[in-house]
Amino acid sequence: MKRYLSVCLFLLVQVAIAQKPINVDNEFAFAAQQYALMLKSHPDTTKFPQSTNPDGTVRNMSSDWWCSGFFGGSLWYLYERTKAPALKEAAQKWTMAVAKEQGNTGTHDLGFMLYCPFGNGYRLTKNATYPPILLTGAKSLATRFDPKVGVIKSWNKFQTYDYPVIIDNMMNLEFLFWAAKTSGNKDFYNLSVTHADNTMKNHYRPNYSSYHVVCYNPDGTVTAKKTAQGYADNSAWARGQAWGLYGYTVMYRETKDKKYLDHARHIADFYLNHPNLPTDKIPYWDFNAPAIPNEERDASAGAITASALLELCTYGGPSSKIYYQSAVKMLESLSSPTYKANLGENNNFILKHSVGHKPQKSEVDTPIIYADYYYLEALLRYDTLHRKPEFRS
Ligand code: GLY
């Protein structure tokens, strides 16, 4: 009997540990302390915290790197929850540090670079100096859309190809929808819809996984389907699946066209039902990585997916509770010591264990700034939803 009781007690404790609810107050208190240390270690606003070098030192990047907006954006999310004036001041400073990229027509990443900091900053403060910067940035981004091809060009060159488009590019469309609404210029809206439609047609496989890179001819026909950051051309690179899921969820939000909702649901189902998705729901860096289970996880893909699912679940449908519960599981995993750093460790990033570019052996199993950004965003979304009766279990 005694033995039976102790086994029951042991199992109850295990269940309690496994289902420890997310305490958003605690998570934000920790993240704010960690980022206070990050701010202390980053006095120079030309050096943006990015990740960790192989020697363990912090890797900083300049404002023209595609990730420069995530630090300011994360500071805005921290300010949104904590209302700490010091975080607002820091967010303003790191937001303005990216302003000079508004005229940069050499990158497709202006959505990440400008909308994450300036978009959130404007949403929270209505600072009138931000919209003109954003609108200039949106015009710069739109120069990369060739109507004859029907998609926004990602990189200027990839291997021998002159018009490569990566699935990540779906993440720029939210910025362009904002620009359409703010300026009244419908071109931003129309080109976003055209880009999303062509990407749906050409990037997606019948099982709703996506290629990473699709290369176009000048007439809009496809010349090659490749990968840059995934394991193989035909594999499902985890972050690419996350970018697509997030992007088509936003497409539905902005257009209310049901085909985008259906597509987002199909992507979510591919991801969540994949036999290689671990039980903690944080994916390996590629769903088809050859040495699974001895491959690195990508916490950034987990954070992006959690955030996307926490929007997708609000659009109803029979799987809405599954999407919500899966996202909560992802957030529980990311908030556990397996993925979340201790105070003052991890070069002051919040999350450990992301993968940037494994084929190039770059940022493999390191913290990366965008994992933190989407983790904070997902926590804020969870905070709103978990009080709603339809999501309370
Ligand atoms: N946009 C590049 C990446 O996701 O690594």
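Just follow the structure's listing: the first ligand is 1, and inside any ligand the first atom is 1. Quick caveat: nothing in here was measured; it's all calculated off a predicted structure.
Contact check on Glu89 versus Lys93 returns no salt bridge, with no Lys/Arg side-chain nitrogen under 4.0 Å from an Asp/Glu carboxylate oxygen.
Under a cut-off of 6.0 angstrom, the local environment of OH in Tyr231 is sparse, with at most 12 non-hydrogen atoms contributed by other residues, nucleotides or ligands.
Arg265 is listed as a side-chain neighbour of Tyr323, based on a closest heavy-atom distance under 4.5 Å. Contact annotation: the side chain of Trp76 never approaches that of Arg123 to less than 4.5 Å [non-hydrogen atoms, C-beta and beyond].
Here CG of Asp168 is found 7.0 Å from CH2 of Trp155. Values are rounded to the nearest 0.5 Å.
Within 4.0 Å of ligand 1, heavy atoms belong to protein residues Trp66, Asp168, Gln229, Trp237, Arg239, Trp243, Tyr370.
In this structure, Tyr163 and Val151 approach most closely via the heavy-atom pair OH-O, 2.6 Å.
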